[in-house]
Chemist: 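My structure is below; once you've seen it, I'll send some questions.
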Number of protein chains: 2
Amino acid sequence: MNSKYITLYNKIIEKIEQGSYPPSSKLPSENELMEKYKFSRDTVRKALNMLEHNGYINKVKGKGSFVLDINRHKFPVSGLISFKEMAESMEGESKTLVKNLELTKGDKFLRNKLVLEDDEKLWKVVRVREIGGKKIILDKDHFNSTYIPELTEEICRDSIYDYIEKELGLKIGFAKKEITVRSSSEEDIEHLDLEGYDMIVVVDTMVYLQDGTLFQYTESRHRPDKFKFVDFARRAY
Amino acid sequence: MNSKYITLYNKIIEKIEQGSYPPSSKLPSENELMEKYKFSRDTVRKALNMLEHNGYINKVKGKGSFVLDINRHKFPVSGLISFKEMAESMEGESKTLVKNLELTKGDKFLRNKLVLEDDEKLWKVVRVREIGGKKIILDKDHFNSTYIPELTEEICRDSIYDYIEKELGLKIGFAKKEITVRSSSEEDIEHLDLEGYDMIVVVDTMVYLQDGTLFQYTESRHRPDKFKFVDFARRAY
DNA sequence: AAGTGGTCTAGACCACGCG
DNA sequence: GCGTGGTCTAGACCACTTG
């Protein structure tokens, strides 16, 4: 189903994770990979460039491509981190509690954020994320209902993203995140096990579909001691 | 000096910022750009792909490339943000105070972080960043002295990066950042105007040269109310 | 000199959106 | 059907590292 270069990209990641290409080791050269897989050089280069931008390898002119070992972050690099992915990398059982689910007009702020027309509504979902018996994340999601006509408590308890991508067939394009720190609100105190912390890490996320339309705005509120964000970046030209 | 596609990339950014290509408008098609600049399609596509990955445009198959307007973040997208760049986007005068500058062996933790050989030393720089008369950031930089033989207080007050790149000719390759939130330390309280805040946002950064060698480890401590991190990410394949 | 990755080209075919 | 971007190919030349 996928293109050749994505197949090769995934194949090399697999080899890196299995240890066939250990950290600091040199990958086969572009010529060797062309030979091995019978791909053109451009196809091989596309795969290697993706690996480089995603922090798996480092390419050095005249020398070769080398496996990086900083990829210990289980998180996708600068990616869209879902609660499920995050829970897997942390200790203890995880659970999602749906506190609120409604189709509403929303207030001015939200309607403005989601760029809604007068006749459009939005889904408002409030969920508490629990890991190891502690309620540590409060997620307030808002979806443009034009793209998501139906939403149930069960879907919200499971994974909204699975539903959106697999059931509805919507394709995520890109996302913009803003991370700030604020004083905890009444709502935070009510829903979370703050254990004395009076500040909260707020991650505002705007998610866009592949055609560039905004369809989700989420405010994710994290207990500060359980928050961690990892970012890998290559130098902009 | 630069390659064709980087020239084109910069030219288009300029047009976007000038307003010649306003938000939501369609860029000339790949064919038109080929025609206009007499470049091959591949060269044009390289420039457009960079624009896409850096959050300037969105490409839609069958339709065209469209200018995004979420580029209001003055920060380079997921880039290496220097204090200078940050200060420019904030209100008030900015100043850098050098609190400490020494060539030292360092402790186990630091030597381990920087992967130092027994005979290598490191530069330790402690600086306080002041914006609008308030001391809000405490930067603790550590450089492998093999790559940076000399460092003066003046350089530290100005921009260490300018010195590293322009004077020494070292080329930055990539960086990994980790953002966490912790209780403020004695050192934070001593150096910063915390105004009652008892927590601090810690940004740990590892900076690597283009050949993959680690040469800098920095712990940057921010007053929580003055901290903001913006991240733009396209969906990983 | 040989091998490596970086840039550039010209051409082909495909999948998608739209009228 | 036409124009759009996405994939793939083959070949050329360059810049850099290493022996």
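Residue numbering restarts at 1 for every chain, and letters A, B, ... go by the order of the sequence lines.
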Chemist: A:K38 has an atom NZ; how far is it from atom C1' of D:dA10, in whole Å?
Modeler: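 Whole-Å distance recorded here is 15 Å.
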
Chemist: A:N49 CG to C:dG6 P: how many Å, rounded?
Modeler: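 Nearest whole value for this atom pair: 7 Å.
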
Chemist: Using OP1 and OP2 only, check whether a side-chain N or O of A:T43 sits under 4.0 Å from D:dT9.
Modeler: yes

Chemist: What's the OH-P distance between B:Y37 and C:dC8, to the nearest Å?
Modeler: 15 Å

Chemist: Can you tell me how far the NZ atom of A:K46 sits from the OG atom of A:S3, to the nearest 0.5 Å?
Modeler: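 Nearest 0.5 Å value for the NZ-OG distance: 7.5 Å.
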
Chemist: What's the closest nucleotide to the side chain of B:K63 if the choices are C:dC8, C:dG17, C:dG5?
Modeler: C:dG17

Chemist: Could you give the CG-to-P distance, from B:N31 to C:dA10, as a whole number of Å?
Modeler: 13 Å

Chemist: Whole Å only: how far is the CD atom of A:E30 from the P atom of D:dA10?
Modeler: 15 Å

Chemist: Do A:E14 and A:Y21 get their side chains close enough for a donor-acceptor pair, meaning under 3.5 Å?
Modeler: no

Chemist: Looking at the side chain of A:S29, which of C:dT9, D:dC8, C:dG5 is the nearest nucleotide?
Modeler: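 Taking heavy atoms from C-beta onward, the closest nucleotide is C:dG5.
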
Chemist: Between B:K61 (NZ) and C:dC18 (P), how many Å, whole number?
Modeler: 14 Å

Chemist: Select from B:K59 and A:R41 the residue whose nearest nucleotide in DNA chain D is closer to the 5' end of that strand.
Modeler: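 Closer to the 5' end of DNA chain D: B:K59.
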
Chemist: Check whether any side-chain N or O of A:R45 sits under 4.0 Å from OP1 or OP2 of C:dG6, and answer yes or no.
Modeler: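 For C:dG6, OP1 or OP2 has a side-chain N or O of A:R45 closer than 4.0 Å.
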
Chemist: Counting only side-chain nitrogens and oxygens, does A:S65 get under 4.0 Å of the OP1 or OP2 atom of C:dG5?
Modeler: yes

Chemist: Whole-Å distance between C:dC16 P and A:L209 CG?
Modeler: 17 Å

Chemist: Between A:D42 and A:S40, is any side-chain donor less than 3.5 angstrom from a side-chain acceptor?
Modeler: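 There is no such pair between these side chains.
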
Chemist: Can you tell me if B:Y5 touches the phosphate of C:dT7, counting only side-chain N or O atoms and a distance under 4.0 Å to OP1 or OP2?
Modeler: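 For C:dT7, OP1/OP2 do have a side-chain N/O of B:Y5 under 4.0 Å.
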
Chemist: Classify the ring geometry of A:F143 against A:F215: parallel below 30°, tilted from 30° to 60°, perpendicular beyond 60°.
Modeler: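 A:F143 vs A:F215 ring planes: tilted.
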
Chemist: Whole Å only: how far is the CD atom of B:E35 from the C1' atom of C:dA10?
Modeler: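 The distance from CD of B:E35 to C1' of C:dA10 comes to 15 Å, rounded to the nearest Å.
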
Chemist: Answer yes or no: does a side-chain N or O of A:K4 lie under 4.0 Å from OP1 or OP2 of D:dT9?
Modeler: yes

Chemist: Please check if any side-chain donor atom of B:T213 sits under 3.5 Å from a side-chain acceptor atom of B:D211, or the reverse.
Modeler: yes

